[in-house]
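Everything on this sheet refers to the single structure shown next.
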Amino acid sequence: MSAVVWRGGGRSVRVERRTLVVASTLVAMMAGLALLGLCFGMVWSSPADVFAALLGSGDSAFVIREWRLPRVLAGMVFGAALGVAGAIFQNLTRNPMGSPDVIGLDAGAYTGALFALVVLSGTAAQLAVSSVAGGLLVALIIYVLSSAGGLSGLRLVVIGIAVNAMVTALNSWIVLRAELEVAIAAVGWSSGSLNGVGWEDLAVPFTVIAVLLALMASQNHAMHQAALGDAVAVTTGVRLDRLRMLLVVVGVGCTATVTAVAGPIAFIALAAPQIGRRLAKAPGIPLVPAALTGAVLLQAADLVAQMLLAPVSLPVGVVSTAIGGCYLIWLLTQEVKRA
């Protein structure tokens, strides 16, 4: 497969030509979906109105810039974060089922958010910290249980599914014991939704996600070396224990940050890395196609959620779960055939 090589500053970056084409296509799809998202609303705005609004003029400027634009950007950034989180855990487990929403990290982050809502005052900072803490705690539990008798990807996934079921039951119990108003808000939020997302909700999450993605980009090569096997990684100088800890922190951080703002959005982290890998025809699970595919999937799911029962806007998690369920059936069928 041909590749494109950039050189500069004493370093070279090699990118497969197909990966570059796939990434460019996905970026174009993101731009098209973004434009559609900015046009769609209670009143349809033409593309000319959208561009005028983005430049600060036009009758629809306030609606487009203050209501629609934050939602569109949230779909892009949160989708990319979930795609990267899925790629991290699927590389770590070497299993296409090793995604945060399957192995319980979403549920753990949601438990932390419920704690902030029920026990604390539920501020944005408390939600963020509690979500990350809940996700890391569940990740630690899964890691400790999976390490007994030797860590393996299949063992981690199976134990993660079991822990996910138990944590989900705990979340249901917390909601049932909560005050009525808190319970109603928690149940609605648990579906995963971008409804009502505004600029004030995005500054901190976007900053956190940007830092985590930059950190992940610096470890991209080491992660793919580790995916080839422990022996290969060690011989190429990769410090596996340190790398795995860093990857878990980044993956949980991306998942929990999205959960703290939008609730647990299911199946994006599961589907995006595998779709991106198949599009790029890469041997491992590359981060850039996974991130861009996640952004496209979440944007598309959110548009469907807005249009399906318009003017009522569904939670995006309802649509992503419906689509993801079909994808999961297909993925399991392929795995059974391969076995």
Side-chain angles (χ1 to χ4, degrees), residues 77-95 98-113 115-116 124-147 151-153 155-157 159-160 163-164 167 204-227 230 233-234 237-262 264-265 268-270 272-273 284-288 290-291 294:
V77 176
F78 291 170
L82 292 174
V84 168
I88 287 172
F89 286 104
Q90 288 177 17
N91 273 311
L92 277 175
T93 61
R94 300 169 201 164
N95 191 311
S99 122
D101 42 356
V102 173
I103 63 176
L105 303 185
D106 269 11
Y110 181 47
T111 304
F115 177 82
Q126 291 170 349
L127 282 171
V129 173
S130 297
S131 296
V132 173
L136 286 174
L137 179 59
V138 169
L140 177 62
I141 292 171
I142 294 171
Y143 182 81
V144 170
L145 293 175
S146 303
S147 298
L151 183 66
S152 72
R155 183 197 301 271
L156 192 147
V157 169
I159 290 176
V163 171
N164 186 22
V167 175
V204 173
F206 279 11
T207 302
V208 172
I209 290 172
V211 171
L212 292 174
L213 294 185
L215 181 60
M216 194 61 251
S218 69
Q219 301 298 318
N220 186 34
H221 178 71
M223 183 185 71
H224 287 300
Q225 291 296 107
D230 292 357
V234 171
V238 176
R239 297 170 59 185
L240 282 175
D241 291 338
R242 177 180 174 274
L243 175 65
R244 284 171 178 157
M245 182 63 67
L246 180 61
L247 292 178
V248 168
V249 169
V250 173
V252 171
C254 287
T255 302
T257 301
V258 174
T259 302
V261 179
I265 301 174
I268 299 296
L270 174 68
I285 303 177
L287 291 180
V288 172

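What you see is a predicted model, and the numbers here were worked out from it, not measured in a lab. Count residues from 1 along the sequence.
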Kindly give the heavy-atom pair with the smallest separation between [X] and [Y], and that separation in Å.
X	Y	result
A85	T255	CB-OG1, 3.5 Å
A290	A272	O-CB, 3.7 Å
V248	A139	CG1-CB, 4.1 Å
A269	P273	O-CD, 3.1 Å
G160	I142	CA-CD1, 3.9 Å
I268	G79	CG2-O, 4.2 Å

Checking side-chain contact (heavy atoms from CB on, under 4.5 Å) between I103 and each of L156, I159, N164, V163, which is the one that passes?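 Going through the options one by one, the only one that passes is L156.
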[atom1] of [X] to [atom2] of [Y]: how many Å apart, nearest 0.5 Å?
X	Y	atom1	atom2	result
C254	L105	SG	CG	12.0 Å
I285	N91	CD1	CG	4.5 Å
L212	I88	CG	CD1	8.5 Å
T259	L82	OG1	CG	7.5 Å

Using atom types as modelled, flag every donor-acceptor pair under 3.5 Å from a side chain in residues 129-137 to any protein atom, sequence neighbours excluded.
{"residue": "S130", "atom": "OG", "partner": "Q126", "partner atom": "O", "Å": "2.9"}
{"residue": "S131", "atom": "OG", "partner": "L127", "partner atom": "O", "Å": "2.7"}

Do F115 and Y110 make a side-chain contact, defined as non-hydrogen atoms from C-beta onward lying under 4.5 Å apart?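 No, their side chains stay 4.5 Å or more apart.
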T257: what forms a side-chain contact (heavy atoms from CB on, under 4.5 Å) with it, not counting sequence neighbours?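 Expected list: P205, V208, I209.
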Are L247 and M216 close enough, and set up right, to give a side chain to side chain contact (heavy atoms under 4.5 Å, CB included), and what steps lead you there? CA-CA 8 Å; L247 292 178; M216 194 61 251; 3.1 Å; yes
With sequence neighbours left out, what residues match F89 under ring pair (Phe, Tyr, Trp, His ring centres under 6.0 Å)?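 F89 satisfies ring pair (Phe, Tyr, Trp, His ring centres under 6.0 Å) with no other residue.
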